[in-house]
Amino acid sequence: MRACNCRPRPGQASTVTPISEDRPTDRVDRLATAAPSLSGAVPVNERAKGGGSAVAPPLENPTPPPVAPTSAAGFLDSILETKSELFRGSREVLRDSYIPSRLPHREQQIRAVAEVLAPALRGDVPSNLLLYGKIGTGKTAVVSQVVQDIQRRTELASHVAFVYVNCGNIDTPYSLLQNIANTFAKTESDRIPTGWSLDRVQAAMRRLMEANGGIVILVLDEIDRLVARSGDGVLYTLSQINTELELARMVLLGISNDLKFTHQLDARVRSRLNEEKILFPPYDALQLQDILRDRAKEAFRDGVVDPGVVERCAAYAALENGDARRALALLRLSAEMAERDRAKRITPDHVVKAKNRLEQDIILDCCRTLPPHCKVLLYAILQACERRRTGVLTGEVYDAYRRLAERLGLQPLHARSISNYVSELESLGLIRATIVSRGRGGRTREILVDVPISDTMPALEEDPLIAPVGRPHSRGQLLLTNFDNPGRTGPF
Ligand code: ADP
Ligand code: MG
């Protein structure tokens with residue numbers, strides 16, 4: 001999901017611009033995100049196997065293969081010494097965390113967001129704002145650009161603070177408020193620990209905001225995921241917080257990938273959040289071509305991208321809801337496929353290979369960007385399914401999760417939150433529930449995993465949270481269900 005212009009680490013609030021030069025590199029993101037961002041990286045286990053083996057023979061291979069280095073260090077050195085024949089400089093230009101200086105086909109939205117936030121320049125409190133549109137339609141990029149532009153006006157620094165939270169990586173209302181409050185903590189003792197009551201966290205957040213004063217523009221990216229998980233109670237709290245503040249004011253800037261998101265909200269929350277709203281329509285193939293051409297010019301040396309490459313990436317992504325993130329990931333992965341072939345140019349055939357690989361990578365990236373407890377739940381389901389070589393009944397899922405959370409030293413979430421996470425994993429296409437008859441006992445639901453266990457467990461074990469219960473990755477692939485079934489439903 002980023003070394004130059006990077007989003008904040010998932011789940012972390014930040015008082016700096018969502019995307020700026022000095023941000024820590026995130027995987028997701030975005031943001032996230034999350035809304036899972038795409039990474040063209042080869043899955044870990046594929047790398048271990050020597051990733052390129054799945055790739056067809058090179059189309060052109062004029063360069064003799066280098067002598068194989070004998071150690072990891074030698075291998076890394078050889079990579080560093082090899083100057084890419086395709087890339088001009090940093091590959092980060094093709095990552096979705098990179099914010100280009102120009103965002104074609106989003107001029108209208110940039111202007112609209114700037115108009116809503118402009119009163120902050122005069123010290124007035126802007127309206128709350130909701131941006132909505134499908135994933136990859138440039139919402140986070142537009143907000144980042146406008147926020148950066150506003151922040152460049154240094155006179156604002158003293159009275160306007162931007163706080164960015166990617167709600168896709170936040171488990172609970174508590175952790176949301178804790179994250180926001182902690183961005184205002186000036187000393188270690190100001191920071192909010194875990195284990196307080198929600199009321200106490202809210203009071204501490206108000207106190208810290210008052211001490212800071214000024215206008216706080218709170219960007220809640222992927223706000224729809226927060227509401228799907230925890231309801232809109234915390235949004236109600238945030239939307240009426242100004243009535244309890246004297247020296248500070250909060251403005252909510254929600255970003256939703258779900259177009260119908262506001263339908264689920266309580267009428268009061270809806271009307272407060274909806275003071276202004278801006279739609280981000282999907283890009284069509286020609287618009288995606290413009291976006292990709294800009295990036296390709298920045299990323300690649302002259303003449304290395306064959307005719308048809310950009311067009312094909314754009315066409316595939318246009319079919320996937322006009323998702324610019326998908327288009328960029330395809331272009332980046334096509335270049336990686338070409339490099340593995342030791343080709344001097346990227347061809348439309350590389351795009352086809354990239355598309356096949358990307359479908360697999362998206363699933364793993366999606367797993368990597370789940371919030372902590374959701375990861376633990378998925379890992380518990382995978383463990384149970386692997387052990388039993390069958391599905392796991394819904395009644396058993398919570399116990400499996402709770403045991404694992406306790407082993408990892410986490411306070412388990414309530415069964416209701418876990419049941420929401422089960423639905424979320426299902427809607428992401430990672431698991432599937434089928435009704436099974438239990439004779440006289442009636443009917444129950446059986447959870448099956450819809451991803452290859454042998455690839456997914458190592459992806460989750462990369463997280464230090466899960467690592468302590470990780471296992472050796474020597475098993476063969478165990479495919480329990482219809483991962484390869486082209487008819488499967490879900491976002492991928
Ligand atoms: P969203 O937040 O709507 O899911 P993002 O803003 O994260 O989408 O955009 C996904 C990727 O596509 C990012 O790398 C972003 O820089 C790029 N992108 C989106 N729209 C544009 C655009 N109009 N011009 C250039 N790049 C874009
Ligand atoms: Mg986004």
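All values reported here derive from a predicted model rather than from experimental measurement. Whatever order the structure lists them in is the order used to number ligands and atoms, beginning at 1.
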Is there a nitrogen or oxygen of [X] sitting under 3.5 Å from a nitrogen or oxygen of ligand 1?
X      : value
Ser97  : no
Arg106 : no
Leu328 : no
Arg295 : yes
Gly138 : yes
Ile135 : no

Practice item. Would you tell me which option among Pro104, Gly322, Gly136 has the nearest heavy-atom contact to atom 4 (O) of ligand 1? Key: Gly136
Point to revise | Proximal candidate to atom 12 (O) of ligand 1 [heavy atom criterion; set Ala324, Pro100, Ala327] | key: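 Checking each option, the heavy atom nearest atom 12 (O) of ligand 1 is found in Ala324.
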Practice item. Check whether any side-chain N or O of Glu275 sits under 3.5 Å from a backbone N or O of Asn128 as a donor-acceptor pair, and report yes or no. Key: yes
Practice item. Would you mind listing which atoms of ligand 1 come within a distance below 4.0 Å of any non-hydrogen atom of Thr137? Key: 1 (P), 3 (O), 8 (O)
Exercise for review: For Thr140, counting its heavy atoms only, list the atoms of ligand 1 lying under 4.0 Å from any of them.
Suggested key: 2 (O), 6 (O), 7 (O)
Review point. Below 2.8 Å, any N, O or S contact between Thr140 and the Mg ion (ligand 2)?
Key: yes
Test item: side-chain donor near acceptor, [X] and [Y], under 3.5 Å:
X      : Y      : answer
Arg416 : Tyr421 : no
Asp266 : Tyr236 : no
Asp306 : Thr347 : no

Check your understanding: Does some side-chain heavy atom of Asp341 sit less than 4.5 Å from a side-chain heavy atom of Met337?
Key ->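 No, every pair of side-chain atoms sits at 4.5 Å or beyond.
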Practice item. Determine the sole option in Asp171, Leu226, Val376 for which the side-chain contact (heavy atoms from CB on, under 4.5 Å) test with Pro371 is passed. Key: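 For Pro371, the side-chain contact (heavy atoms from CB on, under 4.5 Å) test succeeds with only one of Asp171, Leu226, Val376, which is Asp171.
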Exercise for review: Might you work through the side chain to side chain donor-acceptor pair (under 3.5 Å) test for Tyr283 and Arg106, ending with a clear yes or no?
Suggested key: CA-CA 10 Å; Tyr283 295 113; Arg106 281 298 172 247; 3.1 Å; yes
Practice item. Kindly check if the number of other-residue, nucleotide or ligand heavy atoms within 6.0 Å of NE2 (His263) is above 12? Key: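 Atom NE2 in His263 is packed in, count exceeds 12.
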Check your understanding: With a 4.0 Å cut-off on heavy atoms, does Gly133 reach ligand 1?
Key -> no
Check your understanding: Of all the heavy atoms in Phe280, does at least one lie under 4.0 Å from an atom in ligand 1?
Key ->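 The answer is no: ligand 1 sits nowhere under 4.0 Å from a heavy atom of Phe280.
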Exercise for review: With sequence neighbours excluded, tell me which residues meet side chain to side chain contact (heavy atoms under 4.5 Å, CB included) with Ala185.
Suggested key: Asp190, Arg191
Check your understanding: Hey, is Leu103 touching ligand 1 through its side chain, its backbone, both or neither, going by heavy atoms under 4.0 Å?
Key ->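 Answer for Leu103: both.
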Review point. At a non-hydrogen distance cut-off of under 4.0 Å, which region of Tyr98 contacts ligand 1 (side chain, backbone, both, or neither)?
Key: backbone
Review point. Under 6.0 Å between ring centres, would you say that holds for Phe300 and Phe87?
Key: yes
